[in-house]
Structures are given as C-alpha cells and as structure tokens.
Amino acid sequence: MKTVSFFSTCLTDTVLPDVSRDSVLLLEKLGCRVVFNPKQTCCGQPLANSGFQQKAKKAMELQMEALLEDEADYVVCPSGSCTLQVKEYPNFFEDQPDLLEKAERLSEKIYELTDFIVNILQQTDLSASLKAKAAYHPSCHMTRLLDVKEPPLALLKQVAGLELVDFKGQDKCCGFGGTFSVKLGPLSGAMAAEKVENIREAGAEYLIGADAGCLMNLQGVIERRGYPIKVRHIAQVLMAS
Amino acid sequence: MITGKEQFISRISNCLNRTTIPEKPTEFVYPHDMQHKYLAGASAQELLDTFITNAQTVGIGIHRCSEIDLATTLVQIVKKLGGSVVLADDPLLAGETTELLGHEIDDCYIWNTDAGRKENMTKAEGAKVGIAVAEMALAESATSLLFSRPGSGRSITLLPENSLIIIRAETIQPRLTQAMEMLQKQETLPSSVNFVSGPSSTADIELVRVQGVHGPLELSYIIVG
Amino acid sequence: MTIKTSDLPLKERLQKELGNPQMRKAIANAQDLLNGKREAAFEELGDFEQWRETAGTIRSHVLENLDYYLTQFADKASAAGAQVYFAEDASQAAGYGLEILQKRKAVKAVKSKSMVTEEIGLNEMLEEAGIEVIETDLGEYLLQIDDHDKPSHIVVPALHKNRDHFRRVLAEKKGYKGDNVPENMTRFVRQLIRKEFLEADVGITGCNFAVAETGTVTLVTNEGNGRFVTTAPKTQVVFLGMERIVPTFAELDIIFSMLARSAVGAKLTSYMSLMTGPKAPEDKDGPEELHIIIVDNGRSRVLESDFREVLRCIRCGTCMLECPAYRHISGHGYGTLYPGPLGLALVPVLAGYDDYKEITKICSLCGACNEVCPVKIPLYEFIFEHRRIIAEEGNLTPAGEKILMGRYGDVIGSSALYGLATKAARFSSFAPKVGPLKQWSIDRDLPKIPKTRFRDWFAARKKNGGVK
C-alpha cells in the first residue's frame, strides 16, 4: 500500500474544503493510505510571485518540514500551481545545503493529483459518472510549467456520461495569477470574463479544472453574471457517481 | 570613416568582463542542422513543383517557357498588361528578346548604363511593367533573388505596377539557406540584394490583406527551361 | 516618441484601455488571427524546438562576443563605403542623424518603420529643426497623420483603430473622398507617399539585422516601403540597435526564417533587402551615401546585467500576440514603447526601475510567452526576477507594502498563526469594499467561506476512526 502525505494548499483548506475532502477520498478509494500533517499552511507562492522571496522562505521551510515529516512514499496536491511552487523550492535554497537537500527530496516526491493517479497509480477509469456537457480549463502553471497536460483529460474521458466541449481560447490564462487578481483587479476580471463568456458560448453546463485558484476566479464571474454553470474541481467529478 | 568606436567598444568589453576585444569570437557550434534538411536531395522537378505551388499560394503569377520562346512569351504578357516597359540590361534578355520587345511594344526602355540616375528612375516610374532576371530562386518561400547591377537597377522591380521576374529553372534551390551560402561565396557583394517573395502587401488596416502598397501591385515569374 | 509613451499612472492607464471595447475587440481578433497563422507556419516548417534553440543560441553567442562582432561590422561596413557612428544615448544618436541631414540641407525625409528611431525621439528632433519626416509604413503613416497617435503593437502599429476611423482621418487630413474599404484607402495612400518617396532628400531606416562578416545592413518589409526608402533618396541613414548583429549570412538565414513566421505567419516577408555599402559608382539608383548609426541607449546596462539574454530579441512581437493581458489593454496599457512580456522584461533594466517598476505587475505569470518566443528568451523568469529585485532590493517598494507582506509571511510561516487566522476568517464575512479584495470584487463575487476547514474535517474523521 502506498502512503501519501496530502498537501491540501491554503485555498482548498479554507475556501474549498470539499475539493480536498474528495481528493483524499479518491486516493483512499484507489488504495492509498493518506496522512495529513496539520503543520502545513501555504506553499508561499503568493509572496514569491510578488517578489518577496525571502519573506516566503519561512513558509517554504515549514512545508518542507510538514510534508516530509511523515516519511510518506509520495506527497500529493490537488493543485497544479501549488505543486509547481513546491517543485521549485530547490531554486530558493541553492546556498543553504541542509535545506536544499530537503527541498530536493520534497520536489521529487510531490505530484499533482491527476498526474499521480494516471502515472503513478496507473489508473484512468475510476468508475465515476456525470451526465453533462462540460468545459475543461487547463490551468497555465499545470500545463505549461509543470507539464501535466494529458492526465486530467485521460481521467475525464473515462467519466460515464461526460461530454467535454472545446471552447475558444481554451488554453488562455483565466486571469487569476494569485496576487495579480487583486493587484490589477479590473484587468484580471476582464481576462476571467472573456474566458467565462467563451465557456458559456460552448454550451457547457459544468466547468471543470484542476486548480482551485482558477476555479474560484471563474466562479466569481459566473456568479456575478448569474450564469447557470456549475464549477467543479476534477477531484469532485471523479468522486461523483 | 568610423566615429566614436574606441570608447563605445571598450564599454561593451567591460560589460562582458574583459578589458580588450578578443582576437576571435568564442567557437560557435550549431546545435541542430534542421535548415539543411528541407527538401534535401530533391530532384529539379520536385524543386520546380514546390516553387510553383508556393508561388501560386501567395498570389504570384506563373508563366513557363523555353529559352527560345522567352521573347514571344514576354511580348504576349506585356501586351496583355498594356503600356510601357522598363527592362534590365541582362545577357538573358539581350539580343533577340530585347529587339522583339522594342519592335512590338511602343515604349520599351532598357536600363541605361550611359544615362543618369534621374533619367533611369523617371523611365522606371513611368513604366507599367518592369522586367528583371533573378540570380536564384527558392522553392520553400517562392523567392526570387535580385542583384543590383549597373545594368539592372533597384527601381525596375519596384516602381512599375507590374513586376515580371525571369527565373531560370535550374537556379531553383530548396530554401533561404542555399541563398545565404551563395552570398557567402561572393567575392564582392552587390550594393543591394533583394529577396522578393510576393507582391507588395499590407494588413495594417484591420488586418485585411491588401495587395499592392508601395511596390508593384502584381508580381509574375516567368520560369525559363 | 521615447521609451515612455504615457504619463498616466498604471491603474488609470489600464482603466482607460479596458474601457475601450473597440480596441479590445480589434486586438483580440488580431491575436487570434495572427497566432493561428504563426502556428500554421511553424507547423509547416517543423522542428520548432530545434529552430528556436538554434536561433536562441546564435543570438546568445552574438551577445557574448558583441565587442568583437560590433568592431568587425563597423570595419567591414566602413570598408564597403559606409560612414559608421557609435552613439551612447538617445540624444547623441538623434544628434548624429540631425547633423547628417542638416549638412545636406535636407528638408524632407522618408522613413520606414523603426523602433529604435522611436526610442531615441528622432522624429521630434528633426521636426523641431524644420525637417519634414514622413513615415511610410501604412500603419505608421496613418497614426502620424492622426495627430501622432502612438503604435499599439511593434509590428502592426495601428491594430487598435478600425477602418471607419482611418477613413475619417484620411478625409479630414488628406482630402480623401472614397469609402472605408482598406484596399481603396491603401491605394490612395500609395499615391500620396509615392510622391514623397521621389522628392525626399534622405531615407531613414532601422535595420533588422546587420551582418558582421560583410558589413551588410538588412531591412524586411511587406509593403515595399523599405525598398523605396533605400532606392530613391540620395542619402540613407540607418539606425541600428547595437545588439542586432549576426556573425555571417548563415546565421541571418536562421534569424530571418524565424522572424517572418513569428511576426506575421509568413515564410518570408515580401521583401528582404541586404545592403552592403552605398550604391556602387556605376549603379544608377540607390543611395550615394550610407550612414549607419549604432545605438546603445541603455543596452550596455542590459548586457552587463542578469537580464542580458533579453537582448536576444528579434522584435517579432509574438510574445505580445500571445499575452492574455496585452489582449485587453494593447500596447497603450503599458505606457512604454516596448509593451507586452518583452516590455516587462526589457524596459525596467533598459530605462530603470524608478520609472518602470510598475509595469512588471502586468503579468499573471501564465508562461504563454515562453512557449512561443522564437529565440527562447526566459521572459517568465525575467519578470519573476524583476519582481524580486523590486520587492527586496533598495527602496523600490513602499514600506507599508513590505510590512504587510512580512506579516503575511509570518502567518503562513507559522502553523499556529495560520490556524488562528484561518479560524478567524470563517467568522468574519469578507468585506469586499475594503482593502485588496475591493479590486477583486469589481467584476467578480467573492467565494463564501465555509464553516469547516478541510483540516477540521480530516481531524474529526480521524477521531471517529477514519470514516466519512
């Protein structure tokens, strides 16, 4: 049995707890033993992406401690963007050998949820079902920088009754960008609005993604505009039956 | 004459963490050789076919003839376009071709090495058709290469509304790579080498493609052989 | 124009552009169309990664040997009969230009599109001296007669304006009586500018790339204005950004193969002119004099910095066409001559953080630009590094922001503080009218914070023996 240390991320811990819950249940359903180390907080990305790398390092050290402490076989995270940040920890500790070793160890151990299911657990058919037309949003960090492109699609293709629709500008950024969304709110909102309009135009009843930040961003527009599009993290879809 | 070189270059050297210019540059090794793979080993016929297809795709007119028929072919095309002609003083056009054009076309001006700048340019500006001969042609981009020469000014293929460029079939090469290799072998370069790959065009208003801006409105190749 | 194109503060500038639906639609259409063409062109070429790796390596090699290649180029160009000038900054570069024109008593100059001349404010200096300067690229010409409107893209400068607008401008300024069909307006301008070409004393151009081994300067255009400017006037003045060099024609092959595909999705542009020296004595047309002004203007600062590789740029504009932020604000939103991801990476080091630190915010770090840059500039990494420098070095960030970010770092750096803060958040409903969240909630609803955190659920479940 594989032991997985679950990295929830601050956003799903506090704002979208159902995403983390379903991720854990999914991993357990697939035969993993899941541990959650409560010392964990946030990967530090909001600070690092705003330039405050030194101020982010305390959080990074804390995550290294929390996620390595249980000596699990793997660390799994339901966010491509946060996984990317943890993967890049070694870049921040190049001149601190003891921490660098930990950063490298964690960087090797961490997987984004769908990547883990498809490439480590070697599973694609999770006998989920959702009878609906859905749009999938490939988040930027996950596809471009983490290079996890196919796994979520491979999993969604096996969901009974689910029809994935392509839409215009599918691979474009949703405008979230972490602190970008509050620093330049109107620009970020314009990017999100275009994405939502394109999803709506494609006739999607559901919007599915693998990054809670993007989903929260797009959901904000969908709610403001009163569109009947339901927003789901891929873990929630894979647990649906 | 060069002005202000020493101080400028020494600052650049400083930026590169050295005090003097190196005697030679660091060794450069091409990481890949993909540019030589395009149409490598293609037959003359394949090169010709690719050239023609690509030319037609970008709106270049294509005419074909043997060297013996060049004169009559040109006369036919020019008559159809109507109006006056300016043509290069080129060995391929000299003799029979030039004579026939002069005979059949009312206003046929041969780029005149004895005349001045003004006369040549005024004639080119007034001509409806400009005729020049390409040094080489490139299949991939449907490009013709023009060298400026005393007998073949830059204006011939620039000022008249219609450009006719004569291409010898055997000069068609795969792509830009071969043209650059040819230029590297030149002992002296002409003051201007022009690569022409289409009629002049723009998309500056709403990205709508408009053919014919400052250069010729129409471009045709006459492939000989 | 200079590097700075707007004095408005960042947020006001963005608000202004976001409030221009016609521009936003035009830019979005342009992105979709040109990106599609570019992708098709590279698909046809094949091996995009090999091509751009080769192109990037060539550019990097040139930067590493720039003192050598610049010297070689200047010597060869001079040997071919050109006059070469090295200019350290904008005023020296434009000054050389003015001096050349004044010595020849020039009253009219025709110009083909050149970013470096915009950068050094050449037109303004010449016009002040009473010399008429006519932009001959159609888009630049239309902007020029439209009361010197500013370009919104470096390759297609008038992207932000539509045909009706230009019909009005042509009617008002030039007595155009035709309709709004682009072809008809283009023909009208053709006639206007042709006269100028033939009358002008001097032709002014940029240079896409200079060839060190032969002293050759090059110019690529589709409209043919580049050829005209270098054929009709008796004097030609070329402005060359100092980094725009390739060693030999072999490297020019690679760079040009990338440039046309990246910029406009074409295999090559309609015209590429390679000019070595002025016209030969026996030639009947072309410039009798060729002057080449090599411009630094901040580039050596970039060269010696950690951002050196941004000088690989071939000015194709692809990163702008791919950028999802540029899409909504156009080049005007940046307030800089070089906009988009390139602008974010280049301008703060070319012209200083004091004036340009703010633009580094115009990026969601989506990474799209990195994937398409034909010379593999690590734009994402450079923008990231600029932000670090702005936050951590010197006094570029206000103390208040530093304190706020420090507190945030303390909270996520401590399990206990994080626990307290996230517990508290659930009892205080977010107040969208204050603080940074106000920015979020202009166009979007804030999420509702659930009562139970994931960690509470997990702990409770563990207590209950691992059941749901």
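Note on naming: letters A, B, ... go to the chains in the order of the sequence lines (proteins, then strands), and numbering restarts at 1 for each one. Values below: all heavy atoms of this structure, side chains included; hydrogens, waters and symmetry mates excluded.
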inquiry  = Please evaluate residues C:Phe228 and B:His214 with respect to the criterion ring pair (Phe, Tyr, Trp, His ring centres under 6.0 Å), reporting the C-alpha separation (whole Å), side-chain torsions for both, the decisive distance (0.1 Å), and the verdict.
reply    = CA-CA 8 Å; C:Phe228 231 126; B:His214 303 304; 7.1 Å; no

remark   = Output for pair (C:Thr71 OG1, B:Ile9 CD1), nearest 0.5 Å, gives 3.5 Å

message = With side-chain contact (heavy atoms from CB on, under 4.5 Å) as the test, pick out the partner of C:Ser270 among B:Ser201, B:Ser200, B:Ser197.
response = B:Ser201

query = If you measure only the distance, is there a donor-acceptor pair under 3.5 Å linking the side chains of B:Arg154 and C:Ser273?
reply = no

query = Is chain C contacted by the side chain of B:Leu189, its backbone, both, or neither, given a heavy-atom distance below 4.5 Å?
reply = side chain

key: Under 4.5 Å from a heavy atom of chain B, the part of C:Glu251 involved   = both

key: chain C contact via B:Asn54 - which portion, at a heavy-atom distance below 4.5 Å   = side chain

B:Thr157 and C:Arg227: side chain donor to acceptor below 3.5 Å = yes

task = With salt bridge (charged side-chain N to carboxylate O under 4.0 Å, His left out) as the test, would you mind laying out the steps for C:Asp67 and B:Arg18 before giving the verdict?
result = CA-CA 10 Å; C:Asp67 49 356; B:Arg18 51 188 173 234; 2.8 Å; yes

request  = Name the region of C:Ala87, side chain, backbone, both or neither, that has any atom closer than 4.5 Å to a heavy atom of chain B.
outcome  = backbone

message = Is B:Pro199 in contact with chain C via its backbone, its side chain, both, or neither, using a 4.5 Å heavy-atom distance?
response = backbone

request  = Find the distance between OH (C:Tyr68) and OG1 (B:Thr26) and round it off to the nearest 0.5 Å.
outcome  = 10.5 Å

task = Tell me, out of B:Gly212, B:Ser152, B:Ser10, B:Ser155, who's got the most heavy-atom pairs with chain C below 4.5 Å.
result = B:Ser155

query = Could you give the distance from CG (B:Asp33) to CD (C:Gln50), rounded to the nearest 0.5 Å?
reply = 9.0 Å

query = In terms of heavy-atom proximity below 4.5 Å to chain B, should C:Ile58 be classed as side chain, backbone, both, or neither?
reply = both

request  = Mind running salt bridge (charged side-chain N to carboxylate O under 4.0 Å, His left out) on B:Glu161 and C:Arg194 for me, showing each step along the way?
outcome  = CA-CA 12 Å; B:Glu161 275 176 25; C:Arg194 179 158 286 226; over 6 Å; no

key: Heavy-atom check, side chain of B:Met180 versus side chain of C:Leu252, under 4.5 Å   = yes

query = Nearest 0.5 Å, what's the CG-CD1 distance between C:Asn65 and B:Ile21?
reply = 11.5 Å

query = Looking just at side-chain N and O atoms, do C:Ser257 and B:Gln35 make a donor-acceptor pair shorter than 3.5 Å?
reply = no

